[in-house]
Amino acid sequence: MSETTSDDRIGTKEEKKFSNFSPPMSGLDVNESDFNEIDVKELASKVSEIALDEREAALFDMHGVAPTLEEDPEMLSTSLTEMNKMLTNMLCWRQASAFKIAESQAPEYTRNEKLLLMFLRCENFNVKAAANRLIAFFRHKLSLFGPEKLTKETIGQSDLDEEDLKCIAAGYVQLLPNRDHAGRAQFIYFPRFVKWATRDNALRMFYYLCMVALRDEETQRKGIVSLVHSVGNDGSNPQEKDSLLAWKSMQLMRGALPMKVVGHHVCSSPSSGLRFFFSYVTKFIGSAGIARTRFHEGMNEVIYTSVFCCDSQLTLSSEWRYPTGTFEEIEQELSGFGINGVNLAISYEGDLKTDRHKRMLRSLKCLEAQTSSTEAYVVLPSQTDVLLGRGKPIQNHPGNIRLSLIVESLLPKYDGCLQKREKTQLAAETVDRMKGAGVRFLSKCDECWKVAPDRIARERVRSTFRTVRDRLKMEGMALLDSRLRDGDIHARQKKRILEER
């Protein structure tokens, strides 16, 4: 009989706490008929166990009004030190074998501060939870990509096989082109269009798209909103109900990838098997996840026996009558949560839109081949970024509006500059201050963005000085003309005001 070492005993004890996502395989062979009756009282009991402050936090997250955690240098340093210590202690765990292999191959990658911060932000700087997630991350990465790519910092399209790329190009999972009003990234999933050759193809697709979104620090800090669009789905696609893939996907996304999902929105119609999906949601995301889930239905009126999570409480009823509507009405509902329903990558006729998604993939492939640095290009600009280009959408971007306000406050100083060299210096100082605050100046590259050189950024600021000055002059003239028409001033007063200017 072999002797058990103290390290084995410690590892076994800790792993029981850590390995929350290893269910018995017998529970995976399920079908829709298994969920004809949902235990409403059990679900209500689970949600009622959530603390009041956690329910309030979930409500704020759903509506995008939760405050973002401030990251001061002292907190970052302390958290990183504690996490490194915890990871060192975890090396003896059996579940940490993949992390141990990666540590022996490339410790500069496994202990990279940017990588560790990604996991700390996902868990709101809960060091133990972040370390557990990182261990699971390497275990899944080894399983999906093998030991030769275990320590590769960025998995690009060149690391995926042909079937993986077909799965991604199918577009049934897409990263939407804009953020919600709170600055969170948005993923959308279309069960009706699921198409994969093997389950690993689908899992590698999830990995790649999620890590593409997480290359951006704002997404790491503010989190991700997930949408499931199943309106008009008749449930005829057998791959969408693959229970083993559903479970593996939840293992990957809920317990391994450093993605902080702050809200789930399920858009469905009565014919799309909402009861089946609802049952999966309750089994996989737990009571805390239920509090962050909202259902939006379309097409017809439906009566369900189930539980409804509304904004203020959990309503338990034996008969839940929920009014349903059209695609437009669902879009209107989503807008109440800061989500632009017009950009949901599906037409009102129910056709999947993949053109923009495929252009984004082509842009990413080109940029990944040009540079290994993920900081050189951006998929989703943050709300503080300044976008270079023309058109109303760019002018109305929050970062561009903020630049105009900064320039307006500096306009008297700019007008006081007598030489071109002084104006160039003021523009350079403005760019340096904004970049010091984390602002990026981005130029469009098909469906992605590239960080513009300082020379281009300075020219944009100088151009903004001229644009703001002309706008204020036109607004002043319009005001004078209005006052002249109303009789508030005379023509001679207007002439004197213009001469003084």
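Values below: every heavy atom of this structure, side chains too, minus hydrogens, waters and symmetry copies. From a predicted model like this one, the values you see are computed outputs, not experimental measurements.
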Pair Phe145 + Tyr208: ring centers closer than 6.0 Å: no
Derivation of the ring pair (Phe, Tyr, Trp, His ring centres under 6.0 Å) call for Phe138 and Phe99: CA-CA 5 Å; Phe138 278 102; Phe99 176 76; 5.6 Å; yes
Pair Arg221, Ser382: side-chain N/O donor-acceptor within cut-off below 3.5 Å: no
Candidate pair His229 and Tyr189, rule ring pair (Phe, Tyr, Trp, His ring centres under 6.0 Å), full reasoning: CA-CA 6 Å; His229 197 291; Tyr189 168 59; over 10 Å; no
Polar side-chain atom of Arg121 near backbone of Gly223 as donor-acceptor pair, under 3.5 Å: no
Check: Thr198/Asn201 side-chain N/O donor and acceptor closer than 3.5 Å: yes
Separation between CD of Gln186 and NE2 of His265, rounded to the nearest 0.5 Å: 8.5 Å
Side-chain donor-acceptor contact under 3.5 Å, Ser249 with Arg199: no
Glu422, CD atom: more than 12 neighbouring heavy atoms under 6.0 Å: yes
Exercise: do Tyr377 and Arg215 side chains pair donor with acceptor under 3.5 Å: yes
Face-on cation placement of Lys423 at Tyr414 ring, 6.0 Å and 45° thresholds: yes
Polar side chain donor-acceptor pair, Thr110 to Glu103, under 3.5 angstrom: yes
Parallel, tilted or perpendicular: rings of Phe137 and Tyr207 (30°, 60°): parallel
Lys353 (side chain) donor-acceptor with Ser347 (main chain) under 3.5 angstrom: no
